S.K.: 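Supplied in structure tokens, the structure appears directly below.
The basis for the numbers below is simple: all heavy atoms, side chains too, and nothing from hydrogens, waters or symmetry mates. If you're wondering where the values come from, they're calculated on a predicted model, not measured in any experiment. Quick note: residue numbers are just sequence positions, from 1.
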Amino acid sequence: MTRTVELTTYLPTDPDTAWEHLQTSALLHHIANPLVKFVPRGDGFPKRWTDGEHRAWMFLFGLIPLLWQAIVISRPEGPEGVRVLRDNGYSPVIRRWDHWIEIAPEDGGTRYTDRVHIDAGLLTLPVTLFAKAFYAHRQERWRVLAETGFRALDS
């Protein structure tokens with residue numbers, strides 16, 4: 001049983017700037033914090049995401065282990081004017097975590113959308129509820145970053 005979570009927000013920054021930051025692992029660490037901490041397995045995350053699979057240990061609140069997650073990056077073609085980054089991930093518990101991020105111009109800023117399709121078997125409902133909270137948290141962190149000119153990423 002697959003469920004979908006979709007949240008959209010407005011970012012007070014231009015789409016080019018949002019797109020550039022989206023492609024960095026520093027942004028993932030910042031917007032997931034403190035709800036989820038990603039610790040790369042192996043050689044670490046690239047500074048700028050490369051297409052392919054990257055694995056990470058995940059910790060709830062930086063303390064409670066959540067197993068590992070495969071982050072599988074690609075950049076599919078989007079509708080005209082929309083840039084797309086896809087993480088077609090999975091883990092030992094989550095068979096499908098197909099996360100589509102869309103960046104598009106809107107009213108002098110950026111329309112940012114998280115859409116994730118989730119299949120975790122019997123755990124799909126609780127994982128979906130977690131995803132709703134996680135993406136709401138991420139989008140709030142995105143908005144604050146954009147409002148402050150992404151200064152927090154420079155430190």
Side-chain angles (χ1 to χ4, degrees), residues 1-11 13 15-79 82-104 110-146 150 152-153:
M1 162 180 59
T2 299
R3 294 200 178 229
T4 299
V5 171
E6 182 173 329
L7 294 170
T8 298
T9 193
Y10 174 82
L11 301 176
T13 190
D16 291 337
T17 300
W19 180 248
E20 286 307 310
H21 285 291
L22 173 63
Q23 297 182 77
T24 67
S25 56
L27 181 96
L28 171 64
H29 289 301
H30 183 83
I31 63 175
N33 188 44
L35 193 57
V36 175
K37 180 178 181 181
F38 291 88
V39 177
R41 292 177 65 183
D43 296 335
F45 292 147
K47 183 174 180 168
R48 186 174 174 89
W49 290 111
T50 55
D51 287 1
E53 186 169 308
H54 310 273
R55 289 193 179 189
W57 295 105
M58 293 174 38
F59 295 85
L60 186 63
F61 306 115
L63 301 170
I64 303 166
L66 297 175
L67 300 173
W68 59 266
Q69 175 78 16
I71 300 168
V72 185
I73 300 292
S74 64
R75 292 168 181 82
E77 183 97 14
V82 179
R83 289 180 240 184
V84 178
L85 184 75
R86 181 182 186 195
D87 166 17
N88 193 14
Y90 61 92
S91 77
V93 173
I94 302 170
R95 289 176 247 183
R96 181 178 183 208
W97 182 275
D98 191 5
H99 180 203
W100 294 70
I101 301 170
E102 295 180 354
I103 300 281
T110 299
R111 182 181 70 245
Y112 174 91
T113 301
D114 286 303
R115 182 178 311 104
V116 63
H117 308 286
I118 300 164
D119 178 3
L122 295 174
L123 296 175
T124 299
L125 181 58
V127 171
T128 299
L129 295 173
F130 171 79
K132 286 180 183 180
F134 180 58
Y135 287 121
H137 169 79
R138 283 172 44 117
Q139 288 187 8
E140 174 62 25
R141 302 271 296 169
W142 254 108
R143 285 189 300 272
V144 170
L145 269 176
F150 296 91
L153 295 180

S.K.: Nearest 0.5 Å please: distance from the OG atom of Ser74 over to the CG atom of Asp87.
M.R.: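 The distance works out to 8.5 Å.
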S.K.: Between Thr110 and Tyr112 (side chain of the first, backbone of the second, donor and acceptor by atom type, cut-off under 3.5 Å), is there such a pair?
M.R.: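 No; zero donor-acceptor contacts below 3.5 Å.
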S.K.: Using side chain to side chain contact (heavy atoms under 4.5 Å, CB included), reason through Leu27 and Trp142 one step at a time and then give a plain yes or no.
M.R.: CA-CA 9 Å; Leu27 181 96; Trp142 254 108; 3.2 Å; yes
S.K.: Would you please name every residue forming a side chain to side chain donor-acceptor pair (under 3.5 Å) with Thr17, sequence neighbours left out?
M.R.: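 Side chain to side chain donor-acceptor pair (under 3.5 Å) check on Thr17 returns Asp14.
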S.K.: Carefully, step by step, assess Trp49 and Leu28 under the rule side chain to side chain contact (heavy atoms under 4.5 Å, CB included).
M.R.: CA-CA 10 Å; Trp49 290 111; Leu28 171 64; 3.7 Å; yes
S.K.: Using side chain to side chain contact (heavy atoms under 4.5 Å, CB included), reason through His137 and Val36 one step at a time and then give a plain yes or no.
M.R.: CA-CA 10 Å; His137 169 79; Val36 175; over 6 Å; no
S.K.: Sequence neighbours excluded, which residues qualify as salt bridge (Lys or Arg N to Asp or Glu O under 4.0 Å) partners of Asp51?
M.R.: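 Per chain and number, Asp51 pairs via salt bridge (Lys or Arg N to Asp or Glu O under 4.0 Å) with Arg75.
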S.K.: Going from CG on Leu11 to CD on Gln139, what distance comes out if it is rounded to the nearest 0.5 angstrom?
M.R.: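 These two atoms lie 7.5 Å from each other.
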S.K.: Between Arg48 and Glu20, is there a side-chain N and carboxylate O pair less than 4.0 Å apart?
M.R.: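 Yes, Arg48 and Glu20 are salt-bridged.
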S.K.: How would you list all residue pairs meeting salt bridge (charged side-chain N to carboxylate O under 4.0 Å, His left out) that involve residues 129-144, not counting sequence neighbours?
M.R.: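 Matches after skipping sequence neighbours: Asp114-Arg138, Glu140-Arg143.
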S.K.: Rounded to the nearest 0.5 Å, how far apart are CD1 of Ile101 and CG of Leu22?
M.R.: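 Spacing of CD1 (Ile101) from CG (Leu22) equals 4.5 Å.
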S.K.: Can you tell me how far apart CG (Leu145) and CD1 (Ile31) are? Round to the nearest 0.5 Å.
M.R.: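 Reported to 0.5 Å precision, the distance equals 8.0 Å.
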S.K.: Hey, can you pull the donor-acceptor pairs under 3.5 Å for the side chains in residues 117-127, sequence neighbours left out?
M.R.:
{"unit_1": "His117", "atom_1": "ND1", "unit_2": "Thr4", "atom_2": "OG1", "d": "2.8"}
{"unit_1": "Asp119", "atom_1": "OD1", "unit_2": "Gly121", "atom_2": "N", "d": "3.0"}
{"unit_1": "Thr124", "atom_1": "OG1", "unit_2": "Met1", "atom_2": "O", "d": "3.4"}
{"unit_1": "Thr124", "atom_1": "OG1", "unit_2": "Ala120", "atom_2": "N", "d": "2.8"}
{"unit_1": "Thr124", "atom_1": "OG1", "unit_2": "Gly121", "atom_2": "N", "d": "3.2"}
{"unit_1": "Thr124", "atom_1": "OG1", "unit_2": "Gly121", "atom_2": "O", "d": "2.8"}

S.K.: Within the 4.5 Å heavy-atom criterion, are Val5 and Phe130 side-chain neighbours or not?
M.R.: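 Not touching, per the 4.5 Å side-chain cut-off.
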S.K.: Using the test side chain to side chain donor-acceptor pair (under 3.5 Å), find all partners of Asn33 that sit at least two apart in sequence or belong to another chain.
M.R.: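 For Asn33 there are no side chain to side chain donor-acceptor pair (under 3.5 Å) partners, ignoring immediate neighbours.
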S.K.: Is the shortest heavy-atom distance from the side chain of Pro76 to the side chain of Trp100 under 4.5 Å?
M.R.: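 Answer yes - side chains close enough.
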S.K.: Hey, can you pull the donor-acceptor pairs under 3.5 Å for the side chains in residues 54-70, sequence neighbours left out?
M.R.:
{"unit_1": "His54", "atom_1": "NE2", "unit_2": "Thr50", "atom_2": "O", "d": "2.8"}
{"unit_1": "His54", "atom_1": "NE2", "unit_2": "Thr50", "atom_2": "OG1", "d": "3.4"}
{"unit_1": "Arg55", "atom_1": "NE", "unit_2": "Glu53", "atom_2": "OE2", "d": "2.7"}
{"unit_1": "Arg55", "atom_1": "NH2", "unit_2": "Glu53", "atom_2": "OE2", "d": "3.1"}
{"unit_1": "Arg55", "atom_1": "NH2", "unit_2": "Tyr90", "atom_2": "OH", "d": "3.0"}

S.K.: Return the set of residues passing ring pair (Phe, Tyr, Trp, His ring centres under 6.0 Å) with His29 (not counting sequence neighbours), or none when no residue passes.
M.R.: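 If we apply the ring pair (Phe, Tyr, Trp, His ring centres under 6.0 Å) test to His29, skipping adjacent residues, the hits are Phe45.
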S.K.: Any side-chain heavy atom of Pro46 within less than 4.5 Å of one from Gln23?
M.R.: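 They are not in contact (no side-chain heavy atoms under 4.5 Å apart), so the answer is no.
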S.K.: Roughly how far apart are Leu7 CG and Phe134 CZ, rounded to 0.5 Å?
M.R.: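 If we round to the nearest 0.5 Å, Leu7:CG and Phe134:CZ are 11.5 Å apart.
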S.K.: Give me each pair satisfying salt bridge (charged side-chain N to carboxylate O under 4.0 Å, His left out) with a member in residues 26-38, each pair once, sequence neighbours excluded.
M.R.: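 Listed once each, the pairs would be none.
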S.K.: Please name all residues satisfying salt bridge (Lys or Arg N to Asp or Glu O under 4.0 Å) with Arg96, sequence neighbours left out, ordered by chain then number.
M.R.: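 Scan of Arg96 (salt bridge (Lys or Arg N to Asp or Glu O under 4.0 Å), adjacent residues dropped) gives Asp98.
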S.K.: Identify, with sequence neighbours excluded, every residue that meets side chain to side chain donor-acceptor pair (under 3.5 Å) alongside Thr113.
M.R.: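 For Thr113 the side chain to side chain donor-acceptor pair (under 3.5 Å) partners, ignoring immediate neighbours, are Thr8.
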S.K.: Would you mind listing every salt bridge (charged side-chain N to carboxylate O under 4.0 Å, His left out) that reaches into residues 63-72, with sequence neighbours excluded?
M.R.: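 Salt bridge (charged side-chain N to carboxylate O under 4.0 Å, His left out) check on residues 63-72 returns no pairs.
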S.K.: List the residues meeting ring pair (Phe, Tyr, Trp, His ring centres under 6.0 Å) with His21, not counting sequence neighbours, and say none if there are none.
M.R.: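 Counting only residues at least two positions away or on another chain, His21 forms a ring pair (Phe, Tyr, Trp, His ring centres under 6.0 Å) with Phe150.
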